[in-house]
Amino acid sequence: MAEDEELDLDQEEEGGERIRPFWSGTISFGLVSVPVDLYPATRPKRVALRMLSPDGVPLARRFYDERHDRDIERDEIVRGFEMDDGEMVLVTDAELEALEPDKSRDIDLRRFVPAESLDPRYFNRGYFLAPSGESTKAYRLLAAVMEETKRAGIATFVMRGKEYLVAIFAENGILHAETLRFADELRKPQDVGLPDVRKPKAADVKTYARAIDRLKKQSLAEKELRDAWAERLLKLVERKAKKGEDTVELPEEVEAPADSDVIDLMEVLKRSLQGAKERRSERSASSGRARKSSGRSDAKSGSSGRSAAKKSGAKNDLSALSKEELYERAQELDIPGRSSMSKAQLVRALERAG
Amino acid sequence: MAARAIWKGVLTLGSTELPVKLYSAVEPRKVSFRLLHKSDREPLKQRMVDPESEEPVEYEETRRGFPTDDGRVVILDSEELEELQPEPSREIELTRFVPLGAVDPHWYDRPYWVGPDGNTDDYFAFAKALEESGRVGIVRWVMRKKEYVGGLRAEDGYLMLVTMRHAGEVVSADALQPPGGRKLDARELKMAKQLVDALTGEFEPEQYRDEYAARVMELVEAKAKGKKLPKKRARRKAAADESLADALEKSLKAARAA
């Protein structure tokens, strides 16, 4: 395997070519600290259409000045907040960053609740938590107790310059986190104008209870969650690609999508969960020779695919990150104009910077 | 203030049909900035350009395509894309009812309130029956040319629908092994359990506030009035470094004293 396709987890100084944890910090309950790394449990939609020119070139989004019909440079862009009276209040990146919560690396579990009492309207995004310290003992202890007592821990914490409300769950010895919506982000039935609850007739309730009973199952079937549209799209694309119908070569600098990020995330998580000892030995091994490949799927990519993937290796890893995560990196590198950049622009700027 | 329904549909449970309306249960973000041109404070416009020539391309001229793994892009015309769309339908089909705990929270995406469209008797009867069943109904429907899967739940006497992510969008924990290590100490386990018990209560969502968003609003309002910015607060203390058993014991004492 070519070196470009290597995933490097530990060599921070290499920059760009690795999947980093989303966030690293400490869960504390009482005076016990559990160092953890946080990885996303959801990924962006795998299947997305691109906007193309009439010749099939993937297009880029640019800000422009309508009056002078020219593109606008990053440093000409400012953020404004429109007040109720129409007045625009300008706010700079520096001002916003000054308001960011302190970078406390702490998820302080001061409250545990019955896990089933959390209703899904609050759930925003899921993450896995892997132990990151020298010892996995505290992690395993917390997971074991939470699982046994069927409790979830609640806390607020700071990630990427923002404050999040989070619920920590344990399942099969693994901790996961779910960021929660704040109460004021949710509407109540009265807010949307639902009528007052009325006491139904017992006979009617019974009729519905019987109908529910008839459709009782113990679990969700994976097939119910399939993305039928994506399946139809992929089938059509495959058919056309095979025939070479309406198919154009991508210019070199345009990234090809790869499902490598999907596989890599899994691989990173697996390794991460194996605990500190293994990671340490990996770190010393990685400095010398190339490490084993993380298992990119080769089934569909021919030789041309391989070279395309090589060229865009670093880009692919950056593209796999969320916009917020890219922004955080841009912030670390102090890239000017970052607050107004699109995701693609952030990727480009980070590549230039690093 | 009543919100507008975003969609109307018919819940179908076997042969029973229940006309309903959907309302977003999420409040739009309060702090949302616009990007402006520095010199004249005009909101910016966006356009699509060919990245090679930087030539703008009119929206009407744009086409859609899907990049393949081997560095090519397959162009799809509008008729082909239309054919991929699901048949429009008003039906929200209930396919099964599973225990509340059977759906991993990672699947859940966005909540909607489901209100009655007409017949309120049946609506509240169904909501009550669903609540008493302790289950979540799995539903699928087509809304605005897209296929959705969701969980239908009884909440506060009403029906709530939470859309779910598709299979490829959630990383499955099934293939993951929990971290291993020496057997946990029984005494530590017991203390940890007592500590969790001591810290257990109800989930009180109103207790928590997005302080950052609140500070951004403060800043904006202060600037609008030409005032100075609010000051930053002090840092929090660092965690103590102790043996696990000691830490647990001390924490327990503190939790019990509280």
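If you're wondering where the values come from, they're calculated on a predicted model, not measured in any experiment. Here is the naming used below: chain letters follow the sequence lines, and residue numbers restart at 1 for every chain.
Interface residue Leu165(A): only side-chain heavy atoms are found under 4.5 Å from chain B. Glu147(B) touches chain A through its side chain: at least one heavy atom from C-beta onward sits under 4.5 Å away, while N, CA, C and O do not. Residue contact with chain B, scored on non-hydrogen atoms closer than 4.5 Å, involves the backbone and the side chain of Glu163(A) alike. Only the side chain of Lys223(A) comes within less than 4.5 Å of a heavy atom of chain B; its backbone N, CA, C and O stay farther away. Contacts between Ser172(B) and chain A at a heavy-atom distance below 4.5 Å involve the backbone alone (N, CA, C, O). Only the side chain of Val149(B) has a heavy atom closer than 4.5 Å to any heavy atom of chain A. Looking at Asp104(B), the atoms closer than 4.5 Å to chain A (heavy atoms on both sides) all sit in the side chain, from C-beta outward. Heavy atoms closer than 4.5 Å to chain A are found nowhere in Val136(B), neither backbone nor side chain. For a residue to count as touching a neighbouring chain, one of its non-hydrogen atoms must lie under 4.5 Å from one of that chain's; by this rule Glu132(B) touches chain A with the side chain only. Interface remark: Val89(A) contributes side-chain atoms only to the contact with chain B (heavy atom separation under 4.5 Å). At a 4.5 Å heavy-atom cutoff, the contact between Leu49(A) and chain B is made by backbone and side-chain atoms alike. Only the side chain of Met164(B) comes within contact range of chain A, with at least one heavy atom under 4.5 Å from a heavy atom of that chain. Interface residue Arg110(B): backbone and side-chain heavy atoms are both found under 4.5 Å from chain A. Heavy atoms of Arg151(A) lying under 4.5 Å from chain B belong exclusively to its side chain. Contact of Thr16(B) with chain A is made through the side chain alone, with heavy-atom distances under 4.5 Å. Looking at Ile212(A), the atoms closer than 4.5 Å to chain B (heavy atoms on both sides) sit in the backbone and in the side chain alike. For Ala221(A), the parts lying near chain B are the backbone and the side chain together; criterion is any non-hydrogen pair under 4.5 Å. Of the two parts of Tyr23(B), only the side chain, counted from C-beta on, holds a non-hydrogen atom closer than 4.5 Å to a non-hydrogen atom of chain A. The contact between Gln218(A) and chain B is made by backbone and side chain atoms together, counting heavy-atom distances below 4.5 Å. With a 4.5 angstrom heavy-atom cutoff, Asn172(A) touches chain B only via backbone atoms. Neither the backbone nor the side chain of Leu252(B) comes within less than 4.5 Å of any heavy atom of chain A. For chain A, the nearby parts of Thr62(B) are the backbone and the side chain; heavy atoms of each come within less than 4.5 Å. Only the side chain of Glu42(B) comes within less than 4.5 Å of a heavy atom of chain A; its backbone N, CA, C and O stay farther away. Only the side chain of Leu195(B) comes within contact range of chain A, judged by heavy atoms closer than 4.5 Å.
Looking at Arg140(A) and Thr136(A), their side chains do bring a donor and an acceptor atom within 3.5 Å of each other. Using modelled atom types and a 3.5 Å distance limit, the side chains of Arg125(A) and Thr42(A) yield a donor-acceptor pair. Under 3.5 Å, the side chains of Glu224(A) and Thr95(B) contain a donor-acceptor pair of N or O atoms.
Using a 4.0 Å cut-off between charged side-chain N and carboxylate O, Glu204(B) and Arg111(A) make a salt bridge. Using a 4.0 Å cut-off between a side-chain N of Lys or Arg and a carboxylate O of Asp or Glu, Asp227(A) and Arg165(B) do not qualify as a salt bridge. Of the charged side-chain nitrogens involved, none lies within less than 4.0 Å of a carboxylate oxygen, so that Glu83(B) and Arg232(A) do not count as a salt-bridged pair. Salt bridge present: Glu54(B) and Arg62(A) bring a charged side-chain N and a carboxylate O closer than 4.0 Å.
For the ring-ring contact (aromatic ring centres under 6.0 Å, His included) test, no residue two or more places apart in sequence or in another chain qualifies with Tyr139(A).
Remark: the backbone N or O of Tyr212(B) is paired with a side-chain donor or acceptor of Asp210(B) at under 3.5 angstrom. In terms of modelled atom types and a separation under 3.5 Å, the side chain of Trp113(B) and the main chain of Arg187(A) share a donor-acceptor contact. A distance-only check finds no donor-acceptor pair linking the side chain of Ser28(A) to the backbone of Val32(A) [under 3.5 Å]. Of the possible polar contacts, one joining the Arg96(B) side chain to the Ser219(A) backbone as a donor-acceptor pair under 3.5 Å is found.
No other option in Glu116(A), Met88(A), Arg198(A) has as many heavy-atom pairs under 4.5 Å with chain B as Arg198(A). In terms of non-hydrogen atom pairs under 4.5 Å with chain A, the most contact-rich of Ala102(B), Ala167(B), Pro116(B) is Ala167(B). No other option in Glu148(A), Arg214(A), Met146(A) has as many heavy-atom pairs under 4.5 Å with chain B as Glu148(A). The candidate with the highest count of non-hydrogen atom pairs below 4.5 Å against chain B, out of Ala167(A), Pro195(A), Gly153(A), is Pro195(A). Between chain A and the options Leu94(B), Leu130(B), Val73(B), the largest number of non-hydrogen pairs under 4.5 Å is found for Val73(B). Put simply, of Tyr112(B), Trp107(B), Tyr59(B), Tyr123(B), the one with the most heavy-atom pairs under 4.5 Å next to chain A is Trp107(B). Contact count versus chain A (heavy atoms, under 4.5 Å) is highest, among Leu100(B), Leu189(B), Asp121(B), for Leu189(B). Per-residue heavy-atom pair counts under 4.5 Å with chain B were compared for Leu180(A), Asp55(A), Ile174(A), and the maximum is reached by Ile174(A). When each of Gly157(B), Ala25(B), Pro205(B) is checked for heavy-atom pairs under 4.5 Å with chain A, Ala25(B) comes out on top. When each of Leu90(A), Thr207(A), Asp213(A), Leu109(A) is checked for heavy-atom pairs under 4.5 Å with chain B, Leu90(A) comes out on top. In terms of heavy-atom pairs under 4.5 angstrom with chain A, the leader among Pro86(B), Pro105(B), Ala129(B), Ala127(B) is Pro105(B). Counting heavy-atom pairs closer than 4.5 Å to chain B, the top-ranked of the candidates Lys206(A), Arg181(A), Glu245(A), Glu82(A) is Arg181(A).
Environment of NZ in Lys201(A): sparse, with no more than 12 heavy atoms of neighbouring residues, nucleotides or ligands closer than 6.0 Å. At most 12 heavy atoms of other shown residues, nucleotides or ligands fall within 6.0 angstrom of atom NZ in Lys193(B). Remark: Glu202(B) CD is loosely packed, at most 12 non-hydrogen atoms of other residues, nucleotides or ligands lying under 6.0 Å away.
Relative ring orientation between Phe112(A) and Phe29(A) is described as perpendicular, the plane-to-plane angle rising above 60° on a 0-90° scale split at 30° and 60°. Using cut-offs of 30° and 60° for the angle between ring planes, the Phe169(A) and Phe123(A) rings count as perpendicular. Using bins of under 30°, 30° to 60° and over 60° for the plane-to-plane angle, the ring pair His106(B)/Phe128(A) lands in the perpendicular bin.
Annotation: cation-pi pair Arg135(B)/Phe97(B) absent, no NZ/CZ under 6.0 Å from the ring centroid and within 45° of its normal.
Shortest non-hydrogen contact noted between Gly115(B) and Leu194(A) is CA-CD2, 3.4 Å.
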